[in-house]
Amino acid sequence: MAKTKSGKAAQQDPNDLLENPEVLAERLGRGEAFLKQNSKVLGGVLIAAIILIGGILFFQINNENKNKEAQAEMFQAVYFYEQDSIDFAMNGDGINAGFLEIVDEYPRTDAANLANFYIGSIYLSEKNFGEAIEYLEKFSSDDYLVQAKAYSLLGDAHLENGNLDQAISNYEKAASYKENDYFTPKYLYKLAIAYEEAGRIQDAIASYDEIETKYYESYEYSFARKHKARLEGLAAK
């Protein structure tokens, strides 16, 4: 003989909900009561969600508009940079904004991000290594050429500042970031120089060896062979 269900378990079998109007009405009644008792709380949650979503959309739209404005401002600053009019590029010409103003006026935009790269490279050329580091560290990009270049410039600034560990770290990032035949051997060459200055002779030899074995068509190839042989001679003494 089959066992029968007892108590509430038998009366409220989930399969009965679609067939038993009384059970369904009871469940719906509980839901309505809950909504009445908690209407203020639920209303507050709904309003908060609407405000949050609205705020996110406003931020996105406003940021996109700001980025368009900043990109337009960047055009003239980049032109000045390419013409070696560095003061105008940095500070503007009284009509058009320079990189420094773009960073201040349009934070969190793609244009401001790129302006950080230009400012850092200018400060580096002026031997203002602390400022160069500050701005280059604010820059980030998915572009394999520009990001690797930024790491390399950071390495240069730290090397000139006497901070070998940071210089090596950034040269390593530059050399390993999306390797390519043209730029990677340049970064490996800088890395080898920094290694040697830090007394890490075997690491320097390894960097020169990587140029010799992987980038034999590069401009750095012959120099790498020469310096690798020199360091191997020193290491053998």
| request: Examine distances only and state if a side-chain atom of Thr184 and a backbone atom of Asn180 form a donor-acceptor pair shorter than 3.5 Å. | output: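 Between the backbone of Asn180 and the side chain of Thr184 there is a qualifying donor-acceptor contact (under 3.5 Å).
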| said: Tell me if a side-chain donor or acceptor on Thr109 pairs with a main-chain N or O of Ala112 at a distance below 3.5 Å. | reply: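 Judged by distance alone, yes, a pair lies under 3.5 Å.
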Taking all non-hydrogen atoms of both residues into account, name the closest pair between [X] and [Y] and its distance.
X	Y	result
Ile211	Ser218	CG2-OG, 4.0 Å
Ala157	Ala132	CB-CB, 4.4 Å
Ala235	Ile205	CB-CD1, 4.5 Å
Ser207	Ala192	CB-CB, 3.8 Å

May I ask you to say whether [X] pairs ionically with [Y], meaning some side-chain N is under 4.0 Å from a carboxylate O?
X	Y	answer
Glu160	Lys127	no
Asp156	Lys190	yes
Arg230	Glu196	yes

| field | Exceeds 12 heavy-atom contacts within 6.0 angstrom, atom NZ of Lys228 | value |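 Yes, the 6.0 Å shell around NZ holds more than 12 heavy atoms from other groups.
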| task | List for me each residue that meets side chain to side chain contact (heavy atoms under 4.5 Å, CB included) alongside Gln166, sequence neighbours excluded, and say none if there are none. | result |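 Expected list: His158, Asn163, Asn170.
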| query | How would you list, by chain and number, every residue that makes a side chain to side chain contact (heavy atoms under 4.5 Å, CB included) with Ile168, sequence neighbours excluded? | reply |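 Glu172, Leu191, Ala194, Tyr195, Ala198, Arg200.
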| message | Run Tyr81 and Gln76 through side-chain hydrogen bond (donor to acceptor under 3.5 Å, both in side chains) and show every step you take. | response | CA-CA 9 Å; Tyr81 178 87; Gln76 190 62 41; over 6 Å; no
Report yes if some heavy atom in the side chain of [X] is under 4.5 Å from a heavy atom in the side chain of [Y]; otherwise report no.
X	Y	answer
Gln71	Asp110	yes
Tyr208	Arg225	no
Leu234	Ile201	no
Tyr106	Glu101	no
Lys214	Glu179	yes
Tyr221	Glu217	no

Say you draw a straight line from [atom1] of [X] to [atom2] of [Y]; how long is it, rounded to the nearest 0.5 Å?
X	Y	atom1	atom2	result
Met90	Ile119	CE	CD1	5.5 Å
Asp209	Asp203	CG	CG	12.5 Å
Ser85	Asp93	OG	CG	9.5 Å
Glu131	Asn128	CD	CG	5.0 Å
Tyr151	Phe139	OH	CZ	9.5 Å
Ser152	Gln147	OG	CD	11.5 Å

Indicate, with yes or no, if [Y] and [X] share a hydrophobic cluster defined by side-chain heavy-atom contacts under 4.5 Å among Ile, Leu, Val, Met, Phe, Trp and Tyr.
X	Y	answer
Phe117	Ile86	yes
Tyr219	Tyr189	yes
Leu153	Phe183	no
Leu124	Leu159	no
Val146	Ile133	yes

| request: Assess whether side chain to side chain contact (heavy atoms under 4.5 Å, CB included) is satisfied between Val78 and Phe99, documenting all intermediate values. | output: CA-CA 8 Å; Val78 172; Phe99 293 129; 4.1 Å; yes
| message | Whether the Asn116 and Asn113 side chains hold a donor-acceptor pair (N or O, under 3.5 Å, no angle test) is what I'd like checked. | response |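 Asn113 and Asn116 do not have a side-chain donor-acceptor pair below 3.5 Å.
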| said: Between Glu220 and Tyr187, is there a side-chain donor-acceptor contact under 3.5 Å, judged purely by atom types and distance? | reply: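 Distance-only check fails for Tyr187 and Glu220.
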| query | Tell me, which pairs form a side chain to side chain donor-acceptor pair (under 3.5 Å) where one or both residues lie in residues 136-145, sequence neighbours left out? | reply |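 Not a single pair qualifies under side chain to side chain donor-acceptor pair (under 3.5 Å).
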| message | For the residue pair Lys173 and Tyr171, would you count it as a cation-pi contact if the rule is NZ or CZ under 6.0 angstrom from the ring centre and within 45 degrees of the ring axis? | response |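 That pair does not qualify as a cation-pi contact.
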| request: Among Tyr118, Tyr135, Phe129, find the one that has a side chain to side chain contact (heavy atoms under 4.5 Å, CB included) with Tyr123. | output: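 With Tyr123 as partner, side chain to side chain contact (heavy atoms under 4.5 Å, CB included) holds for just one option, Tyr135.
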| request: Could you check whether the rings of Phe80 and Phe88 sit parallel, tilted or perpendicular, using 30° and 60° as the cut-offs? | output: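 Taking Phe88 first and then Phe80, their aromatic rings sit tilted (interplane angle of 30° to 60°).
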